There are 2 protein chains.
Amino acid sequence: MSGGELALRLFAAFRHLVDRVHVDLAEHGHPRVRPTHGFALQAVGPTGATAGELATRLGVTKQAAGKTVDALEALGYVERAGDPQDARRKIVALTATGSEVLGLSARFFDRAHAQWVATVGDEQAGAFEQVLRTITDEVTPRLDAASWLGDDGRRQDT
Amino acid sequence: MSGGELALRLFAAFRHLVDRVHVDLAEHGHPRVRPTHGFALQAVGPTGATAGELATRLGVTKQAAGKTVDALEALGYVERAGDPQDARRKIVALTATGSEVLGLSARFFDRAHAQWVATVGDEQAGAFEQVLRTITDEVTPRLDAASWLGDDGRRQDT
DNA sequence: CGTCGACAGACAACCTGGTTGACCGATCCT
DNA sequence: AGGATCGGTCAACCAGGTTGTCTGTCGACG
């Protein structure tokens with residue numbers, strides 16, 4: 001396998017998985033969720049987070065994070081609330097539907113995972129994941145997928 | 001490994017590989033190339049192609065393909081020439097620097113590939129790639145990575 | 001031979017997600 | 001108290017993609 005093919009297939013596998021999950025999500029009453037949103041919800045997490053924290057977790061500027069929160073809020077998946085401790089901060093937290101999506105998403109990911117484990121065999125799958133783990137262990141997980149493809153990598157945010 | 005983690009790691013591996021190649025490319029006199037451009041150059045290939053062919057190969061609209069060609073042309077990697085057989089068609093072809101980039105890119109991908117084969121071991125790597133191949137074999141290779149992340153999937157192009 | 005439909009490419013307008021830059025109020029620290 | 005700093009938002013802009021429209025060229029058929 002050439003290096004280029006390897007890269008392509010890695011991406012195809014990733015995309016296949018994510019697509020599958022989003023089809024399932026759409027069929028269960030959440031047709032508007034986009035992969036970006038999923039990442040963001042994940043980053044918010046059950047404990048909530050501020051826009052700034054989100055920004056660093058997602059590897060984007062705080063403005064971009066703010067916009068994502070706007071979108072999620074419009075979809076009804078998160079809510080913004082003021083922090084009584086510090087009037088500057090606004091903590092965004094999952095709504096009921098928000099955590100429902102998060103839970104469903106996790107379930108569907110696991111289901112897709114289980115399916116391909118079944119097709120390739122238990123042992124192979126284990127070995128595969130082991131290799132994948134060692135490859136990606138030192139890599140910092142950055143989720144700013146969209147911008148990364150097109151942009152120069154310069155990013156500063158004040 | 002949870003399904004979500006699997007997806008994340010697949011993406012991280014892909015991204016890691018691509019990033020590495022583009023760092024190498026930048027160090028060898030091609031700092032402006034973006035992943036998108038790489039895909040497009042690949043799609044043009046040594047034989048050249050029309051904008052429409054590019055569009056279907058990349059899985060985007062012909063207008064988008066046209067814009068990409070504009071960018072590549074501005075960078076000096078491709079040239080547009082009229083087709084003497086059919087005055088409607090304009091075939092885009094790689095310039096000398098264009099095919100240089102393509103060649104370098106292939107070499108760097110292979111180098112990165114070889115490096116991780118070395119780190120995980122020959123046998124593991126082989127098994128890994130075998131699994132990856134079976135997973136992604138039925139998947140149609142679509143390279144419209146950027147739009148896929150944010151858009152709804154509705155796409156029609158006349 | 002002429003005409004009418006299909007095809008290839010380009011232009012314009014718009015959307016999304018991201019970025020930079022500037023700004024405002026709240027907090028902290030001296 | 002007062003200046004620096006932090007958290008968040010507004011505004012302008014850019015890249016890449018999409019839809020819709022239009023022009024020029026082929027080709028096939030009457």
Side-chain angles (χ1 to χ4, degrees), chain A residues 32-40 43 48-75 78-92 142-158, chain B residues 32-40 43 48-75 78-92 142-158:
Chain A
R32 314 278 310 270
V33 212
R34 307 271 71 235
T36 313
H37 298 155
F39 290 147
T50 69
E53 286 168 350
L54 263 187
T56 61
R57 285 184 202 170
L58 296 173
V60 299
T61 58
K62 57 183 181 176
Q63 292 91 328
K67 284 193 188 182
T68 305
V69 172
D70 288 344
L72 253 26
E73 198 173 23
L75 253 22
V78 302
E79 275 173 346
R80 262 184 257 242
D83 181 345
Q85 315 288 295
D86 184 339
R88 289 172 303 179
R89 299 155 56 90
K90 293 184 184 172
I91 70 163
V92 327
R142 299 195 62 195
L143 298 183
D144 58 336
S147 78
W148 158 83
L149 286 148
D151 194 358
D152 258 27
R154 45 178 158 64
R155 182 178 297 121
Q156 82 186 43
D157 194 19
T158 315
Chain B
R32 314 279 309 272
V33 210
R34 307 271 71 236
T36 314
H37 299 155
F39 291 146
T50 69
E53 287 168 349
L54 264 186
T56 60
R57 286 185 201 169
L58 296 173
V60 299
T61 59
K62 57 183 181 175
Q63 291 90 331
K67 284 194 188 180
T68 306
V69 172
D70 288 344
L72 253 25
E73 199 174 24
L75 253 22
V78 302
E79 274 173 346
R80 262 185 257 241
D83 181 344
Q85 315 288 293
D86 185 340
R88 290 172 300 180
R89 301 155 55 90
K90 293 185 184 171
I91 69 163
V92 326
R142 298 196 63 198
L143 297 183
D144 58 336
S147 78
W148 158 83
L149 286 148
D151 193 358
D152 259 27
R154 47 179 157 65
R155 179 179 298 121
Q156 82 185 46
D157 194 20
T158 315

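Since the structure is predicted, the reported quantities are computational estimates derived from the model, not experimental observations. Each chain gets a letter, A, B and so on, in the order the sequences are listed, and its residues count up from 1.
Considering all non-hydrogen atoms of both residues, B:Gly38 and B:Val33 come closest at N-CG1, 4.4 Å.
Looking at heavy atoms from C-beta onward, A:Leu54 lies out of side-chain contact with A:Thr68 at the 4.5 angstrom threshold. Counting heavy atoms from C-beta outward, B:Val69 and B:Val78 have side chains that approach closer than 4.5 Å.
Nucleic acid contact class of A:Ala64 (heavy atoms, under 4.0 Å, all strands): base.
For D:dG16, the OP1/OP2 oxygens have no side-chain nitrogen or oxygen of B:Thr61 closer than 4.0 Å.
For the pair B:Asp83 CG and D:dC26 P, the interatomic distance rounds to 9 Å; values are reported in whole Å. Atom pair B:Leu58:CG and D:dG17:P shows a separation of 8 Å (rounding to whole Å applied).
Between A:His37 and A:Gln85, the one whose closest nucleotide on DNA chain C sits nearer the 5' end is A:His37.
Within 6.0 Å of CD in A:Glu79 there are 12 or fewer heavy atoms belonging to other residues, nucleotides or ligands. When the shell of 6.0 Å around CD of B:Glu73 is examined, it contains more than 12 heavy atoms from other residues, nucleotides or ligands.
Here the side chain of B:Arg80 pairs no donor or acceptor atom with the backbone of B:Lys90 at under 3.5 angstrom.
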Task: Reading 5' to 3' through nucleotides 7-14 of chain C, protein heavy-atom contacts under 4.0 Å coded B for base, S for sugar-phosphate only, - for none - done: BSBBB-B-
